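Worksheet: one structure, shown below.
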Amino acid sequence: RAFTETVQLFLSFVFVRLSITPTSYSHKRNNTQHSTMSEDPTQELYDEFGNYIGPDLESDTESESSASAGTASDEESLANDPMAMDTQPSESNALVIPSDIDTSQAIATDNAIILHEDKVHYPSAAQTYGPTVQTVVLDEDAMDLETPILEPTSVKSVSLEDDLTLRVSDTYLLNLIANPTTETRRCVSVVGALGVGKSTLLDMILEEQRIPPTANTAAKSRVDRLRRYSDTLVMEQDRGLSIKPTPLTLPLPDSRGKTFGMTLIDCPGHVNFHDESVCSLSLSDGVLIAVDALEGITMGTEMVVKAAVGMGLSLGMCITKLDRLILELRLPPVDAYRKLVAIVDGMNVLIQTSSPGGPGHVNFHDESVCSLSLSDGVLIAVDALEGITMGTEMVVKAAVGLGLSLGCVITKLDRLILELRLPPVDAYRKLVAIVDGMNVLIQTSSPGGQYPVLCPTKGNVMFASGLHGYSFTLASFAQRYADDER
């Protein structure tokens, strides 16, 4: 009940205070000032509910009339006193309030109630320094005492330096590679796809040429000691791949015991850095192609092989990661052998298809025509698998135009067996189709259409396989068969 009475008293007091305007309250205050001063100051003006119980106040009309009367009397006194008129401000010096300013809004703003948490005692940083200045407020002692406010400039190293000590002296190695000829020095680029183990292969070769490790490092495993010394950049070590070609010169002997200053260039295997590998190939005497035993020949391998064959470099192949066939695929010895044979055969096919082929290439057709003008006859070689191609048609038409005697040799018979795996009947039909196609080409190329026909029974068709080292005609094979039967 006490709480309810307190709330009612507070609301009544607020209602009375808000019902009295500032203007009327000021007028009543001025009119009643003398009367209140003469009365008892202890007399209460409001009751417990906030109602006014003091002496009577004059009405607004009486205040306005008295104010107007006072104004008129003031004007009459000013008119009678000329000195007073001079001291009054003129109309031009009077303060003029524009009509567009809302005075009630200004009064309301001044009398607005502002909460404690909304009060702004100090201007903000944006108001002090402007919107273009960014200010940051940090706690005191946010930095460690050991950390300087202005740190010195740090020089970042992008390359690594290793103190490698070889078994031979630097003078001996310099004499090997300083020879202007290639009698005692060689340069070989180690190329391959990404992740085939080129850098690890060079680490293994380098390990054999270094001075034996000390007792402290001898206990480390082989994997810990193979640190990819050819990856000299910090970024290469962090990412685990080669970015730049890195040369590494070592004294390596050949099969006859002669020592060469061998410069091995570790080329990057990523296809985005293929241009780096091509640049190193232009400085090399040969190429060592690294192929993963599990992955085999990939697109990266094909790219570097085509570039090396196009430059006419000597090729060698190293099949790496043989342990993957045993530990990951768990192949028996026979299947592992077949896997390796398939990699070697695939590499040979890739090399042969990447080779321009010398004068047989269509870009060198004029060279073939010049040699035909000096010949008495022509032996046309046709691939048993590919058959008659555009290059074959060009040389046949040139030979027929010169009226030369023609012969045909069908090469690479092993491709019908090893690649296509054709049975004997299908292989025979393939060879017959090639011979018939050659006869049609010859007859259509001759002016009169009368040209000797190619036929195995006439001895002008031969069969061969240069990879396996055999060639025969129908007559020679029959003679060999007859001799074996005897």
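These numbers come from the heavy atoms of this one structure, side chains and all, not from hydrogens, waters or symmetry mates. Keep in mind the model is a prediction, meaning the values are calculated, not measured.
- Minimum interatomic distance between V278 and A307 (heavy atoms only, all atoms of both residues): CG2-CB, 4.3 Å.
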Please tabulate, for the side chains in residues 459-472, all donor-acceptor contacts under 3.5 angstrom to protein atoms that are two or more places apart in sequence or on a different chain.
| unit_1 | atom_1 | unit_2 | atom_2 | d |
| --- | --- | --- | --- | --- |
| N460 | OD1 | C455 | N | 2.9 |
| N460 | ND2 | V453 | O | 3.2 |
| S465 | OG | D414 | OD1 | 2.6 |

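- Between E419 and V349 the shortest side-chain heavy-atom distance falls below 4.5 Å.
- For residues 339-351, the set of pairs meeting the side-chain hydrogen bond (donor to acceptor under 3.5 Å, both in side chains) definition, not counting sequence neighbours, is empty.
- Residues meeting the ring-ring contact (aromatic ring centres under 6.0 Å, His included) test with H270, sequence neighbours left out: F273.
- Contact between I343 and V291 at its shortest, heavy atoms only, is CG2-CG1, 3.9 Å.
- Listed by first and then second residue, the side-chain hydrogen bond (donor to acceptor under 3.5 Å, both in side chains) pairs involving residues 274-283 are K244-E276 (not counting sequence neighbours).
- In this structure, CE on M235 lies 10.0 Å from CG on L241, to the nearest 0.5 angstrom.
- Remark: of the listed residues D335, V341, L340, D335 is the sole one forming a side chain to side chain contact (heavy atoms under 4.5 Å, CB included) with R338.
- Here T263 contributes atom OG1 and L252 contributes atom CG; the two are 9.5 Å apart, rounded to the nearest 0.5 Å.
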Donor-acceptor pairs are to be reported for all side-chain atoms of residues 292-303 against protein atoms at under 3.5 Å, with residues two or more places apart or in another chain.
| unit_1 | atom_1 | unit_2 | atom_2 | d |
| --- | --- | --- | --- | --- |
| D292 | OD1 | L294 | N | 2.8 |
| D292 | OD2 | R324 | NH1 | 2.9 |
| T298 | OG1 | T301 | OG1 | 3.4 |

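- Residues satisfying the salt bridge (charged side-chain N to carboxylate O under 4.0 Å, His left out) test with D254, not counting sequence neighbours, are R256.
- Note that the CD1 atom of I380 and the CD1 atom of I442 stand 5.5 Å from one another [nearest 0.5 Å].
- R185 contributes atom CZ, which lies 7.5 Å from atom CG of D285 (distance to the nearest 0.5 angstrom).
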Quiz prompt | Residues V309, L350; criterion side chain to side chain contact (heavy atoms under 4.5 Å, CB included); working and verdict | solution = CA-CA 10 Å; V309 171; L350 177 60; over 6 Å; no

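- Of the inter-residue distances, the one linking L250 atom CG with I177 atom CD1 reads 10.5 Å to the nearest 0.5 angstrom.
- The heavy-atom pair separating L454 from C408 by the smallest distance is CD1-CB, 3.8 Å.
- T200 places no side-chain N or O within donor-acceptor distance of the main-chain N or O of G197, the cut-off being under 3.5 Å.
- What you find for T259 and P251 is that their closest heavy atoms are CG2-CB, 3.9 Å.
- I265 and P245 get closest at one heavy-atom pair: CG2-CB, 3.8 Å.
- Contact annotation: the side chain of L248 never approaches that of D266 to less than 4.5 Å [non-hydrogen atoms, C-beta and beyond].
- Between the K198 side chain and the A193 main chain, a donor and an acceptor come within less than 3.5 Å of each other.
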